[in-house]
Amino acid sequence: MRRFAAPPDTEATPVTRVSTLEIFFDLVFVFTLTQLTALIAHPHGVGTFIEAGLIFMITWWMYDGYVWMTSNLRIERTQYRLLMLGGMIGFFQMALSVPTAFTTGTKGFGVGLLMAAVAHMMLLSRTYQVPGRSVTYLAPTNLSIALLVLASGFLPEAWRVPIWAVAAAVLLIRLITFIVFPTQREVVYSLSPTHFIERHGLILMIALGESIVAVGTSASGDGQMLSWEARFLASFALMLAASLWWTYFSRDDTRAEHVLMELPHNLRISKGGVVALTHLGMIAGIVTLAAGFKNALGSTDERLLAASFLASGVSLY
């Protein structure tokens, strides 16, 4: 394979291919989805879904920040790779803290989020598209949210959900602002349509794969011989996941890439924000679907809950 040296920091060389390190990064991030699936599969009331939604929104914001950043920066250099690995450690700490994010694991989640935000800020400062203005626009938000989540770990548990809700609302408003107001979206990023769409497609495909893993582990978890009913349900789950894959990867991904390529820079950035926002909903649907798969293969008492998850998951997607 022919290798290319990393370009100078100031060279506006478009990033057109997803690197293996980015795929590795995505595999670490998807552990968060695995943890969220386990969290909502056996909910303790509506509060479980609220907490899972807050965790996912905050985590997705930070993850998609890395997607945008790597669309502007080649990461072949050792220092960039080390910063990416630092961000991965942060995401891993966040994922490990998901089951107890609002009890004993709040500080661990906050530390992981802060690590990911700092590594992202340092990488963002090396992007070739007006790096100083990019850092000024995004770093204060990311660092503030991370510090807010971390600080909530030192407060009574009753305060944590409201504080996280404020953080998630700020991020959602920030994203919508990024989409709507051209004076802000012009100064932050360039966007490589090929890289951007491929990266979102990869995380979607990995999330679908995670849902199949949930089916497999639930079906064979007790080590007993599988009944034909369990085999049928597992096969149905696979076909349902394959149907969702088909709806996206038959044409939608290539059409989205072509649309972005044909747009001028300002509109391309705006539509990129829409892609990020809609993928948040699609992956939330896959997580819900995976929880339904787990329950469908559990006890018969969970079948009604499983049906609700499956219907909700497909609808969200």
Side-chain angles (χ1 to χ4, degrees), residues 6-19 21-22 24-26 28-29 57-91 93-94 110-150 167 170-175 177-179 181-193 195-196 198-200 203 265-266 268-270 272-273 275-277 279-280:
D9 296 333
T10 57
E11 184 179 346
T13 306
V15 179
T16 57
R17 299 188 62 181
V18 175
S19 68
L21 181 56
E22 291 172 79
F24 188 19
F25 188 99
D26 290 352
V28 173
F29 169 74
M57 287 181 65
I58 291 173
T59 308
W60 177 257
W61 166 273
M62 199 67 251
Y63 167 79
D64 214 63
Y66 275 83
V67 174
W68 285 81
M69 181 272 299
T70 52
S71 188
N72 288 265
L73 179 69
R74 295 180 182 274
I75 53 174
E76 288 90 346
R77 295 187 176 186
T78 301
Q79 58 180 321
Y80 299 165
R81 290 180 174 181
L82 291 175
L83 286 170
M84 283 285 289
L85 290 172
M88 288 165 62
I89 293 173
F91 274 100
Q93 292 301 317
M94 292 160 66
V111 169
L113 182 58
L114 185 60
M115 289 178 63
V118 170
H120 180 263
M121 178 184 66
M122 296 177 70
L123 285 164
L124 196 63
S125 68
R126 308 306 298 169
T127 55
Y128 56 77
Q129 293 289 342
V130 288
R133 297 168 77 181
S134 300
V135 172
T136 301
Y137 180 74
L138 287 176
T141 300
N142 294 345
L143 293 175
S144 297
I145 295 304
L147 291 172
L148 193 62
V149 170
L150 179 59
V170 168
L171 297 181
L172 188 60
I173 292 171
R174 196 64 149 159
L175 178 57
T177 302
F178 186 70
I179 294 170
F181 295 102
T183 55
Q184 294 187 346
R185 68 176 181 242
E186 286 174 354
V187 302
V188 182
Y189 283 122
S190 177
L191 186 151
S192 170
H195 177 276
F196 191 73
E198 182 182 1
R199 187 79 186 278
H200 281 89
I203 193 60
H265 173 72
N266 288 350
R268 182 183 294 179
I269 298 301
S270 179
V275 170
L277 187 60
H279 276 74
L280 182 150

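Just so it is clear, the values below take in all heavy atoms, side chains as well, and ignore hydrogens, waters and symmetry mates. Computed from a predicted model, the values in this text were never measured in an experiment.
Side chains of Leu171 and Met57 form no contact here, defined as non-hydrogen atoms less than 4.5 Å apart. Here the side chains of Phe25 and Val18 are not in contact, with every heavy-atom distance at 4.5 Å or above. The shortest distance between side-chain heavy atoms of Phe24 and Met84 does not fall below 4.5 Å. Residues Leu150 and Leu113 have side chains not in contact (no heavy-atom distance under 4.5 Å, counting atoms from C-beta outward). Within the 4.5 Å cutoff, no side-chain heavy atoms of Leu123 are placed close to those of Thr70.
In this view, Leu148 and Ile163, Ala167 satisfy the side-chain contact (heavy atoms from CB on, under 4.5 Å) rule, not counting sequence neighbours. Residues passing the side-chain contact (heavy atoms from CB on, under 4.5 Å) test with Leu147, sequence neighbours excluded: Leu114. For Met115, the side-chain contact (heavy atoms from CB on, under 4.5 Å) partners are Ile89, Val111, not counting sequence neighbours. In this structure Asp26 satisfies the salt bridge (charged side-chain N to carboxylate O under 4.0 Å, His left out) test together with Arg199, sequence neighbours excluded. For Val275, the side-chain contact (heavy atoms from CB on, under 4.5 Å) partners at least two apart in sequence or on another chain are Phe196, Ile197, His200, His279.
Checking side-chain atoms of Trp60 against main-chain N and O of Ala276 turns up a donor-acceptor pair under 3.5 Å. Not a single donor-acceptor pair under 3.5 Å links the side chain of Ser71 to the backbone N or O of Val67. Between the side chain of Glu22 and the backbone N or O of Ser19 there is at least one donor-acceptor pair closer than 3.5 Å. Ser125 contributes a side-chain N or O that, together with a main-chain N or O of Met122, makes up a donor-acceptor pair within less than 3.5 Å.
Taking CG of Asp64 as the start and CE of Met69 as the end, the distance is 11.5 Å to the nearest 0.5 Å. Separating the CG atom in Leu83 from the CG atom in Leu73 is a distance of 9.5 Å, to the nearest 0.5 Å.
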Leu280/Trp61 under side chain to side chain contact (heavy atoms under 4.5 Å, CB included): CA gap, chis, key distance, verdict
CA-CA 9 Å; Leu280 182 150; Trp61 166 273; over 6 Å; no
What verdict does the side chain to side chain contact (heavy atoms under 4.5 Å, CB included) test give for Arg74 and Tyr80, after you've listed the backbone C-alpha separation in whole Å, the side-chain angles of each residue and the deciding distance to 0.1 Å?
CA-CA 8 Å; Arg74 295 180 182 274; Tyr80 299 165; over 6 Å; no
Audit row: Leu21, Leu85, side chain to side chain contact (heavy atoms under 4.5 Å, CB included) steps and yes/no:
CA-CA 9 Å; Leu21 181 56; Leu85 290 172; 4.2 Å; yes
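For the pair Ala116 and Tyr66, the tightest heavy-atom approach, listed with the atom from each and the gap, is O-OH, 2.7 Å.
A donor atom on one side chain and an acceptor atom on the other are not found under 3.5 Å apart for Trp68 and Asn72.
Ring-plane geometry between Tyr63 and Phe29 is classed as parallel, the angle between the planes falling under 30 degrees on a 0 to 90 degree scale with a further cut at 60.
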